[in-house]
Each structure stands twice: as structure tokens, then as C-alpha cells.
Amino acid sequence: HSFPTRRSSDLVAATASPAAQPLSEGLKALNHGDTATAEQRFQQALKVQPGDAEALGGLGLVRLRQKRFAEAQHFLERASKDGGGAKWASALQSASYWNLVGQANAARTKGDPRSAKSLLERAVKLDPRESVGQLALADLRFAGGDLAGAEQAYRRALESKPNDTQALRGLITVYTRQGRSGEAMAL
């Protein structure tokens, strides 16, 4: 996954702010892949300046890197509330997408394909270019016997990633089930 990053000039609004030093250090640590230090610095900034949008956004980016998508979404939504929505929009979209995909996987594991399908449809609507949601939705539709819906979702995944082997395999399987072996062979 590729997650958005921020430059220190983007995050540190005013050097006069008591949170400026820990924010700067947190961002530097985050950009070097040190999420533990980044997390500590952003939390330190929040102790000095509670509700600071930059620190909340920074923590959201940390949670994205940790693949803790629900928490990332929470922090990024809070950071976005104070007029900084555009600044955090890409990271928030990514967190929301992966949170929905995670919830869909949990629903599917619990034997609730209807909820899984609904969550995946929301994820795909949020980011149609990301193939993970498309493939999961296609697999779910295929498992439920919706071959036309599965075909459509596999095709969308292939539009995003033309050589995706999972999507190709899925589409070949759909074509074979539909008696369209000529088209399957052409892939």
C-alpha cells in the first residue's frame, strides 16, 4: 500500500506554537519510518496542545502505517474538522477505504456475506482504482453465484491493474463456468 506522507513545512504551522518542536520531530521520525518515535512525539504535542489538528493528523498517518485503519480514520477525521479537511483528505480516504475492507473481511469470516458485500461496495465507491476491494467483491459475488456481477468486478480490477493474476484467474473461472471457454482461453 502507498500511504500519503507530509513534509515538515506542511505540518508545523507556527514555530511559536508549544507543539511545534514535538510536531517537527514526529514528522521527521515518521518520514524515516520510525513510527514508535513519531507516535510519542505527536502524543507529546497533544499533551502540550490538546486537540491540535497537526498532531491528530500525524497520529492518523502513524496509524495508517501501522495498518490500524479504524484508529487512523478516527484521528484523521478529528484533524479534518478544524478546517484542515483538504490537507488530510487523501490520508483519510485511504484510512476509510482500508477500514471498510477490513470490516468486510471480518463480516465474511463471520459468515455474513450481505454485510461484507455492502462494505466492499462502499469501499469500491470510495476508491474505484484500488483493486483489493474490487477483487474481494468479485470473489464474494462469485461465491454467491452472481457470475455476471463477479465478471464485472474482475473486469474493473483489471482496468486498474491489467496484469493482476488474481483478477485474470477469477475472470477465466467465471468464463469457464458460463461455458465461454473460448474467451477464457483468449485471456
Could you tell me whether the side chain of His74 and the main chain of Ala70 form a donor-acceptor pair under 3.5 Å?
no
d(Arg129 CZ, Ser160 OG) to nearest 0.5 Å is 8.5 Å
Go through Thr176 and Ser181 one step at a time and tell me if the side-chain contact (heavy atoms from CB on, under 4.5 Å) criterion holds.
CA-CA 5 Å; Thr176 304; Ser181 20; 5.6 Å; no
Pick out which of Leu171, Thr173, Leu137 makes a side chain to side chain contact (heavy atoms under 4.5 Å, CB included) with Phe142.
Thr173
State yes or no: do Leu120 and Leu135 share one hydrophobic cluster built from I, L, V, M, F, W and Y residues joined by side-chain heavy-atom distances below 4.5 Å, directly or via other members?
no
Testing the basics here: between Leu56 and Gly51, what is the closest heavy-atom pair and its distance to 0.1 Å?
CD1-O, 3.7 Å
Please check this pair: side chain of Ser94 against backbone of Ser90, looking for a donor-acceptor N/O pair closer than 3.5 Å.
no
All heavy atoms of Gly133 vs all of Val101, minimum pair found to be CA-CG2, 4.4 Å
Taking Thr109 for its side chain and Asn105 for its backbone only, find out whether a donor-acceptor pair lies under 3.5 Å.
yes
Determine whether a donor-acceptor pair (N or O, by modelled atom type, separation under 3.5 Å) exists between the side chain of Arg180 and the backbone of Ile172.
no
Using every non-hydrogen atom in the two residues, find where Ala104 and Ala116 come nearest and quote the distance to one decimal.
O-CB, 3.4 Å
I would like to know whether Arg141 and Gln152 meet side-chain contact (heavy atoms from CB on, under 4.5 Å); could you show each step before the answer?
CA-CA 10 Å; Arg141 287 177 173 166; Gln152 183 182 36; 4.2 Å; yes
As a quick check of understanding, evaluate side-chain contact (heavy atoms from CB on, under 4.5 Å) for Leu187 and Tyr175, giving each step before the final call.
CA-CA 10 Å; Leu187 293 174; Tyr175 283 163; 3.8 Å; yes
So do the side chains of Val132 and Trp98 get within less than 4.5 Å of each other, counting heavy atoms only?
yes
Indicate yes or no: at least one non-hydrogen side-chain atom of Asp127 is less than 4.5 angstrom from one of Gln93.
yes
State whether Glu121 and Lys125 are salt-bridged, where the test is any N-O pair (Lys NZ or Arg NE/NH1/NH2 against Asp/Glu carboxylate O) under 4.0 Å.
no
Ser115 and Ala107: which non-hydrogen atoms are nearest, and at how many Å?
CB-CB, 4.0 Å
Locate the shortest heavy-atom distance separating Ala38 from Ala29; write the atom from each residue and the value.
N-CB, 3.6 Å
So that I can tick it off, tell me whether Lys110 and Asp112 are bridged by a salt bridge, with the cut-off set at under 4.0 angstrom between side-chain N and carboxylate O.
no
Hey, what do you get for CZ (Phe75) to CZ (Arg68), rounding to the nearest 0.5 Å?
8.5 Å
Can you check side-chain contact (heavy atoms from CB on, under 4.5 Å) on Thr37 and Glu25, steps first, answer last?
CA-CA 8 Å; Thr37 299; Glu25 292 170 3; over 6 Å; no
Polar contact flag, side-chain donor to acceptor under 3.5 angstrom, Asp139-Tyr154:
yes
Do Arg155 and Glu159 sit within salt-bridge range, that is, some charged N less than 4.0 Å from a carboxylate O?
no
With a 4.5 Å heavy-atom cut-off, do Gln103 and Phe69 have their side chains touching?
no
Just do the salt bridge (charged side-chain N to carboxylate O under 4.0 Å, His left out) check on Glu39 and Arg63 with the steps written out, would you?
CA-CA 9 Å; Glu39 180 175 4; Arg63 294 297 184 259; 3.0 Å; yes
Do Gln40 and Gln44 meet the criterion of a side-chain donor-acceptor pair at a distance under 3.5 Å?
no
Just how far is it from atom CG of Leu59 to atom CD of Gln66, taken to the nearest 0.5 Å?
9.0 Å
Could you tell me whether the side chain of Ser80 and the main chain of Leu76 form a donor-acceptor pair under 3.5 Å?
yes
Can Leu140 be reached from Leu147 by stepping across I, L, V, M, F, W or Y side chains whose heavy atoms are under 4.5 Å apart?
no
